[in-house]
Every structure is written in C-alpha cells, then in structure tokens.
Engineer: 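Could you have a look at this structure, given as structure tokens, before my questions?
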Amino acid sequence: MLGESGCGKTTTLKLVNRLLTPSAGHVLVEGKATTAWDPIELRRRIGYVIQEGGLFPHFTIARNVGLVPVLSGWERERTNERVRELLNLVGLDPDRFAERYPRELSGGQRQRVGVARALAADPPLLLLDEPFGALDPLTRASLQREFADLTTRLGKTAILVTHDVREALILARRIGLMHKGQLVLLETPERFLSSDNPQAKAYIETLELNGEVDGGTQ
Amino acid sequence: MNFWHFLQLNWPELWLRVSEHVVLVFVAILVAVLIGVPTGILLTRYRPLRGPVLGIANVMQTIPSLALFGFLIPLPFIGGIGARTALVALVVYSLLPIIRNTVTGILGVEPSVREAAVAMGMTDGQVLRQVELPLAMGVIVTGIRVATVIAVGVTTIAAAVGAGGLGVYIFRGLRQYDNNLLLAGALSAALLALAADFSLGLLERRFSFEAKRKGAVLEKLALAAGILLLIGAGFTLWRSGMAGTQAGEARVAVGSKDFTESVLLAEIVAQMLEARGVSVERRLEMGGNLPHDALVSGTLDLYPEYTGTSYTAILHHTPITDPRVVYEQVKHEYANQFHVEVSPPLGFENTFAILVRGDDARKLNLKTISDAALQAPRWRAGFGQDFMSRADGYPGFSKAYGLKFAEVREMDLSLTYIALSSRQVDLIAGNSTEGRIATLDLFQLADDRHYFPPYEAVYLVRQDSLARVPALKEVLSKLASALSTDEMRRLNYEIDGNKRDPKEVVKEWLAKRGQ
C-alpha cells in the first residue's frame, strides 16, 4: 500500500484488524466482515508490525516475542521453543538477546523483534505499518531483502504500508496506490511502472531523477 | 535539661508516639491506595467522570483539618474521636495525589505501545494489567510518595482528636514553651518524612524502565528497615492496646482540652477511677471544642470544663456575672440538650486575669483594671487568639472599661506571660490559675466592674456513663470543692514551670490527700 502521508494507508490497515471500524461499508477478512468477527480472535490471527516495533519496554525480548502465544494459552515449553526459533529466523541470536530489554537494542534489532513478535503465533495474515521507515538506508535494505525472503518462504498474506516506492517495488506482488483516501491503482510492480495514472507517474519520476530505475522491468 | 537527657528520660513515650505516627500513616496510605488507584483507573475508562471526581478530590484536600475533624466527630461509624477519625481525614488528604498520578500515569503510556497491545489481541483487562499499569507504576508510586510525605506532616494534627502520634509532642511543646518536646516531635516527624521519601524513591526507581537499575543492596536494606519499623510499631501499639483492655468491663473514656490545667484535671479523675478498679482510656489534649463534640456523640464519658465557657461558647449566651446563676443554667440546659450532667464545682475559679508587671503595679499604684485604663494609651497589650475572638473576650472587655491601647498584639496565650515579663508588652489577659503569675512577679488587676463571667471548674459527664459506672459519682463528689485557686496555681506550675510529668504531679497530690 503506497501513498503520501495522510492519504489513508494506516487507516486502511487498522480497519483490517479492527483497531477501527468502518463508518460505512464492510472490510472482509477471510470472507467475513470484521464487525462480525470477535475482535480478540480476529487480532490473534493477524500479525501486526509498526514503526520502531512498538515493543513493550517493560518486557524482555523473549517475553515480547512470546506475547501472543502466551495470550493464546500455549504451554511454556512450546512458547520458549517458538521464541528461540523466531529469533533465529529474524537473525538475532537467542542466547544473546532473549533476556535483554528493548532499550538495549538498536533500531534495526528492535524492528527484527517486532517482526518476530508478529509471526510468533503463526498467523495467516500480517499487517506492517511502515516497518522499515525509521532505519538507516543500509539496515533498511538488508531487512527488506530478508523480509522478502521470509514472506516467500512462510507463504503469508501480508499488507505492508509504505511511502517509499522503491520498497513497494522490491517487496510487493501487487501495489495499491492510495491518493486522498481513494485506492487509485492496484497493479503488479511491472504494470505499475508502465501505468498512465498521474500519481503513479509522479512516483516513477522520482526514481528516474535518481537514475535508479531497474532496466529489466522497463 | 538538655535534649539528649530529655531523650533518655522520655524514650519509651517517644517510641510510642513514633509508633502511633507510623501506623496511622501506613494504614491511611494503604487505604488511600486501595481506593485511589481503582478510582484513577476508572477515570481513564470513563472520561466524563474525570473532571468532577478530580475536582472533588481537590476540594477535599483544601478543607482545614480541624474543620474536617469537627465535621467528622458527630458522624456514626467513620466519626468519633481517636485513630478512626484521624484515618478518615488522612485518607481524604491522601487521595488526590494518588488518583491524579494514576490517571496521569496511565494516560501517559505511549499510544503506540497501547495500540500494539490491542492489536496483539489483548483484552481491555490484559492491556490494563500487563501494559498500562506496569508502565504507569513509576508515576503512580510518585503519587504515593507525595501522599505519604504529606501524610507524615498532616498526621501531627491527629493529636487534636486523641489519635496520638508525634503531634502530641509538638502541641504540648508549643503550649508549655518547651523546646525539648517541640524538637523531639518535629525532628522525629521530619526524619520519618525523609525516610518515607527516600525509600519510596527507591521503589519508584525500580519501576522506571528507562534508567538502568542499580543499588539493589540499598533497596533491600531500605525495604528491610521499613518492614522492621512497621512490625516494631505495630507490636508496640498492640501491647499498649492489650494493657488498656486488661482491666475489664467498666471502662471510661476521659478527655481533656489542650492546656495544662485541663490535662491535670482529667488525670486526677483518671487516677482516682483507676484506684477503684475502673479501666480508663485517656483522650487528652484535644483541640478547640472537640471534647464537647466527642462527649455529646458518646466517644468520651467525661472531661473538665469551665461553666463560663459552656455558658458562652457552647450555649451561646451573653456573659453574666453571677456564678450561681451560670452554674444552674448550664446544669439545666446540658441535662436537657445533651443528657450531660455537671459535677459540683471543684472549688477554684479560672477566669481571665488581667496582668501587669509587679514593679509597674507598685510604681504606678495600680490595683484595679480601671486604674490601668488611664495608662492604656501608652501601653502595648498582648492577648491570646481565644481572648481576641470570644464573646466575653477583648471586644466586650475593652468597651466595658473604655480601653484604648497604643497597640494590641494577638499571639499564643502561653507566650504572652514571657512577652509581659520581658517588657515586649505591658498588659496581658492570662488565666487566673497560671502558675507563672507568682514566679514571674506579675500582678493581677481586680475586675472592679465585674466584667468577666465566673469560670468555675467542673466536670461534664454523660448521664448514661454515670449509670454504667457507679464509681464515677463517688469520685466526682469527692472532688467537690477540693481545689483552691492557690493549689491549682501550684499544680500548674509544677508542670509548666518545673517541667514535671502530669501523672507524677497528680499521683503526689492524691497521695497527700490520702486518696
């Protein structure tokens, strides 16, 4: 989901896990309106990652990651195992990081923990709200690559919100372009690059200015 | 007597006062937390309640404590005199900082963290218990810390309703102009406040997730010291409570006002009752007219009073001068209105005594207040707050004698004697039974226009107490006309002048009379 600040990307995301309810119309998750779901059950089926991780500062990394399994009543052994598995998955050594607190980690490490937490209970859906926005370019690039691998491997449905067209092109199967509260385009990255839509064109121009357009897709 | 000597002599009582103080503060804060934190949580859930509830808590904190006590004493269940009333007042004063900080703490939790919690599928209760409360805990503990330090200070007022605590020393020290008492009370209270502030500060740091934790040893030490203090204080009170209840069924609550003579008269009855096997609960040194409220509401069985005070301050009559009429009128109205009996007069009068320095009286040949009126325009006068405000005090007095002083200073009654003898003022209104009149070479001017109503000392006692405890009637009749004005003056001086313990002075006096 691509668009400028204030165009309604985050609002759309929050409609999906019912942090907000629609004032008109319906949002369907797995064929069922969000208002017809039990909100707690709905949210536990949806992993949620936000900028800077939104980690609980008073929980250790292990407790942050294991939160949803614990809420869902998993046994302690199974939760601990899952936490180690996930920390390894996002590239953090469990022995070094499990007992630390979020404030002792760098921004990139916190972001990895945020992703691990969202994946903990193996939810079929993932929502990501500018997860890589606050990182330096190098960390961002490496996390983006890893994340692309991860979603392919795990086979999750993910909606990722960004205002960075490059990030959208790298990660997305389909790009939804939002403008002033409207979804103006929903296309694959290839079709997005050749679109006539004036907003899409404006985004593509920013890439050309920087000489970064990938020749293969043109 | 120097301070260390004083501490050595009075260590048991000082420890008792500290214990009362600590337990009052602890229980009050515990109750205030149990009420305040849930209320604060509720206010974060129901926004419209926030303004009104915080407003009420705010207003409650501004009520002067004596006024609050006066209001509480007649109430059933939460009222009366003693620890319960003091606790209610302390809780009322402690609520605001605790409620306010709970609200501030919870609302101050980072919105993104709260949102993440909701998005993880936490229920409202889980968000509160696992995220909001732990993160708000530092701020909430700050509120408890502020409330505790305030409570340590406010608890000194608890002495006014007979709840004990370090206020007993402070009030007594002010009254008797005794720096050792003042210092023992104020210093202990200040140390308690500092200790509470320090240890709750450690607790507060424990809940701060931004700063690294250090000084874990110090934390444990402070915690251990706090628990020891509480256990010690609780044990002391439990033991003194046991001692009071051993004697059995006939139990009498004896009260007094907060000046030496009143304490002495209460102590006399208390010791005479104890000699007859009656268990006595002493509720001495109560502020203002609180003993009256306590007597009428049944938490006191008796206390010493002056007929003139009852006549003017309680029954609101204009002062008259015939002692017999005043006595009969008070006896009649108390029986009808309050079901309270007035004992036979104790034999001495305590009225306002208009005093000048002895050398002035001799030099200027002053005998009566009328003689002194001529000097008034060149004189400074010093009067106690009570005299300045009451119906039979300064306003009527200055009119009756046509007095116009160069200056009138309002000050603490017990300080006026010293102000007079050290020539800071030239005329004061003291008590006729004050022991220092003779020792400071002061001269009492005759009330030649009979302005001051007679203040005969009597005991006021509840009718149902007389029926319940037969020994009361016998004791009160034995005390009829038992004390002359000179004798009372001497007893007062033993305490105020020679700094002796009222209990000893009374014991001696009773032994001498063969009672």
Side-chain angles (χ1 to χ4, degrees), chain A residues 10-11 13-20 37-60 63-73 100-104 110 113-121 123 125-131 133-134, chain B residues 33 37 40-41 44-45 47 101-145 200-216 219:
Chain A
T10 298
T11 304
L13 215 56
K14 288 180 179 175
L15 285 168
V16 176
N17 65 358
R18 212 178 137 173
L19 289 178
L20 300 171
W37 279 87
D38 170 54
I40 303 298
E41 195 190 329
L42 175 72
R43 286 170 194 151
R44 290 190 187 164
R45 290 179 65 79
I46 303 177
Y48 189 58
V49 185
I50 54 179
Q51 198 168 330
E52 277 285 325
L55 300 180
F56 302 115
H58 57 305
F59 285 2
T60 60
R63 215 176 147 197
N64 264 292
V65 175
L67 182 70
V68 181
V70 167
L71 290 178
S72 313
R100 294 201 191 172
Y101 283 87
R103 62 167 183 274
E104 300 172 276
R110 278 204 287 267
V113 176
V115 172
R117 180 176 65 175
L119 291 170
L125 294 168
L126 280 180
L127 302 177
L128 303 100
D129 193 356
E130 302 201 26
Chain B
V33 167
V37 172
I41 292 169
T44 62
R45 270 32 186 187
R47 205 199 173 95
N101 277 40
T102 304
V103 173
T104 313
I106 289 179
L107 295 183
V109 170
E110 188 104 29
S112 70
V113 171
R114 189 198 322 262
E115 192 180 273
V118 174
M120 295 296 122
M122 281 191 181
T123 60
D124 192 44
Q126 286 168 333
V127 173
L128 179 69
R129 282 191 305 274
Q130 299 188 21
V131 178
E132 288 179 319
L133 277 183
L135 288 175
M137 200 49 87
V139 180
I140 295 176
V141 172
T142 308
I144 297 174
R145 184 179 170 187
L200 285 168
L202 286 179
L203 190 66
E204 191 180 313
R205 218 169 52 185
R206 212 185 140 77
F207 287 110
S208 152
F209 296 95
E210 307 312 319
K212 289 223 172 174
R213 268 150 72 172
K214 51 186 171 187
E219 259 175 45

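Chain naming here is simple, since letters A, B, ... match the order of the sequence lines and numbering starts at 1 in each. It should be emphasised that the depicted structure is a prediction, and the values quoted were computed from it without experimental measurement. All heavy atoms count here, side chains included; hydrogens, waters and symmetry mates do not.
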Engineer: Decide side chain to side chain contact (heavy atoms under 4.5 Å, CB included) for B:Met122 and A:Arg43; before the verdict, give the C-alpha distance in whole Å, the side-chain angles of both, and the deciding distance to 0.1 Å.
Structural biologist: CA-CA 9 Å; B:Met122 281 191 181; A:Arg43 286 170 194 151; over 6 Å; no
Engineer: Is B:Glu115 close to A:Lys14 at the side-chain level, that is, under 4.5 Å between some pair of heavy atoms?
Structural biologist: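 Counting from C-beta outward, A:Lys14 and B:Glu115 do come under 4.5 Å.
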Engineer: Let me know if B:Gln126 has heavy atoms under 4.5 Å from chain A in its side chain, its backbone, both or neither.
Structural biologist: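 Just the side chain, heavy atoms under 4.5 Å.
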Engineer: State, to 0.1 Å, how close B:Val131 and A:Phe56 come at their nearest heavy-atom pair, and which atoms those are.
Structural biologist: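 In this case the closest contact between B:Val131 and A:Phe56 is CG2-CE2, 3.8 Å.
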Engineer: Has A:Arg44 got a side-chain atom pairing as donor or acceptor with B:Gly121's backbone, closer than 3.5 angstrom?
Structural biologist: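 Confirmed, A:Arg44 side chain pairs with B:Gly121 backbone.
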Engineer: So B:Met120 and A:Arg117, side chain to side chain contact (heavy atoms under 4.5 Å, CB included) or not? Walk me through it.
Structural biologist: CA-CA 9 Å; B:Met120 295 296 122; A:Arg117 180 176 65 175; 3.7 Å; yes
Engineer: To check you understand the geometry: which heavy-atom pair defines the closest contact between A:Gly54 and B:Ala116, and what is its length?
Structural biologist: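 So the minimum-distance heavy-atom pair works out to O-CB, 3.5 Å.
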Engineer: Side chain, backbone, both or neither: which part of A:Leu55 has a heavy atom under 4.5 Å from chain B?
Structural biologist: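 Only the backbone of A:Leu55 comes within 4.5 Å of chain B.
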Engineer: Of the listed residues (A:Val68, A:Ile50, A:Leu19), which shares the most heavy-atom pairs with chain B below a 4.5 Å separation?
Structural biologist: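 Result: the option with the highest number of such pairs is A:Leu19.
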Engineer: Considering all heavy atoms of both residues, which atom of B:Ala119 and which atom of A:Tyr48 are nearest to each other, and what is their separation?
Structural biologist: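 The pair with the smallest heavy-atom distance is CB-CD2, 3.1 Å.
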